[in-house]
Amino acid sequence: MVATITTGETELVSRAQHGNRGAFSELARQHYPGVIRVVHRMCGDIQLAEDATQEAFIRAWINLASFQPQTSFRNWLYRIAVNAALDMLRRKPESSFDDEDALMVTDQAPGPEATVINKERNALLQKAIQSLPEAARSVLVLREYGELSYQEISSVLDIPIGTVMSRLNYARNRLRELLKVVTSQ
Amino acid sequence: MAEHVKDWLGAYLDGELQGTRLRAVETHLQSCEACRNELQDLRRLAEMFHEDKSNDLFTPAERFAANLALRLPRLPERSRSRRTGSSAWWLVPIGVTAAWVFLQTLLLVSGTVSTLEQAGFLKSIAAWLPEGIRHTEIYSTTLSVFGNQLGQAGQEMLSAFDRAYLFSTSFLAPIFWQAVIVLLYWAGMLTWFLRRNRQRVASGKIVRS
């Protein structure tokens with residue numbers, strides 16, 4: 001995903017800032033796939049992620065007047081989404097990784113064995129991501145699932161690029177330790 | 001062998017390295033098996049991320065957007081008018097500065113005319129201006145002690161120095177300090193505005209470790 005601010009988006013944002021719900025819905029439709037991917041990996045639970053995503057878009061709508069049109073709408077939205085996901089997790093502190101939906105991922109390859117292996121890998125990955133500290137998890141998820149550049153992550157989380165890099169290194173090294181068996185397969 | 005580049009391998013894999021750092025990592029990888037293995041591990045981990053097929057499980061974007069549109073709360077009127085209000089707010093410091101510039105210009109012109117009048121020019125024209133400025137103490141003392149020895153040229157030089165000194169101390173110095181105050185005022189307003197703006201960028205808190 002490339003962070004481009006198209007003329008269409010600028011116009012949609014402008015119209016939404018003047019209270020146009022249709023324009024905001026169109027913005028939500030465009031950004032929803034990226035946001036839900038990030039929020040899902042932050043929360044580790046599909047239902048929780050959908051609730052957090054909806055809350056993020058509602059927060060964005062309410063605070064849209066404060067958005068500066070010369071900045072990236074996507075980065076602004078991701079910042080709100082990450083915060084909404086963390087708030088949602090704090091409101092529901094118990095581990096949410098008992099969600100069977102996360103294990104219902106099917107592999108392209110046919111056959112029950114491949115499906116089971118893929119489910120297990122996905123489950124382990126999600127569990128490993130959930131075990132990371134919030135700060136490292138936010139950076140990792142924005143990079144791997146939001147596909148943001150280091151500069152964009154730095155802007156979204158308001159941290160220096162060096163910190164982005166060190167947190168990513170930490171997160172990846174930790175995941176490699178946790179998933180040693182899986183990644184070596 | 002050169003120092004390992006393990007700390008840079010993630011950024012290398014993400015395409016975030018450039019220039020000499022990128023070349024250094026590439027060169028090192030050619031000769032270091034440990035770092036190549038590390039890179040391979042990171043590639044396998046990246047593949048796991050990209051194998052994610054969760055997208056199929058989420059509510060489709062169209063349905064999500066349609067549901068969202070029904071749940072969006074009505075925006076308070078102030079939210080929509082805040083942009084207009086914020087631009088009007090900027091007129092306050094601009095107005096204060098403009099008033100200051102006007103007042104200073106008036107005082108400067110008045111003072112210049114007054115000084116010229118003191119120096120013997122514009123006698124009739126500046127008759128309405130107040131008499132505020134006479135001579136400096138240096139001028140009076142020098143003239144009383146060395147008055148006869150200075151000669152006409154010396155007295156004229158002393159008089160010119162006296163007028164220049166009076167002008168600078170009476171008008172330029174206060175203007176300088178007032179300009180400093182205005183700049184500090186603007187810097188304070190700018191800092192306040194940036195902080196306020198920053199707080200409004202996100203509705204929630206900033207994620208920090």
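In what follows, every chain begins at residue 1, and chains take the letters A, B, ... in the order their sequences are listed.
Distance check: A:L175 CG to B:M48 CE gives 8.5 Å after rounding to the nearest 0.5 Å. Atom CG in B:N67 sits 13.0 Å away from atom CZ in A:F57 (nearest 0.5 Å).
Looking at B:L42 and A:R176, their side chains come closer than 4.5 Å, going by heavy atoms from C-beta outward. The shortest side-chain heavy-atom distance between A:S25 and B:L68 does not fall under the 4.5 Å cut-off.
Minimum interatomic distance between B:L72 and A:R21 (heavy atoms only, all atoms of both residues): O-NH1, 2.9 Å. The two residues B:R71 and A:I58 have their closest heavy-atom pair at O-CD1, 4.2 Å.
Residues that satisfy the ring pair (Phe, Tyr, Trp, His ring centres under 6.0 Å) test with B:F58, not counting sequence neighbours, are A:H40.
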| side-chain contact (heavy atoms from CB on, under 4.5 Å) evaluation trace for A:N173 with B:E38 | CA-CA 10 Å; A:N173 288 336; B:E38 186 104 354; 4.3 Å; yes

| field | Chi angles and distances behind the side-chain contact (heavy atoms from CB on, under 4.5 Å) call for B:F64, A:I36 | value | CA-CA 11 Å; B:F64 173 83; A:I36 189 77; over 6 Å; no

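Remark: the backbone N or O of B:T59 is paired with a side-chain donor or acceptor of A:Y32 at under 3.5 angstrom.
No side-chain N or O of B:E16 forms a donor-acceptor pair with one of A:S149 less than 3.5 Å apart.
Of the two parts of A:I129, only the side chain, counted from C-beta on, holds a non-hydrogen atom closer than 4.5 Å to a non-hydrogen atom of chain B.
Of all residues in residues 5-14 of chain B, those placing a non-hydrogen atom less than 4.5 angstrom from a non-hydrogen atom of chain A are B:D7, B:W8, B:G10, B:A11, B:D14.
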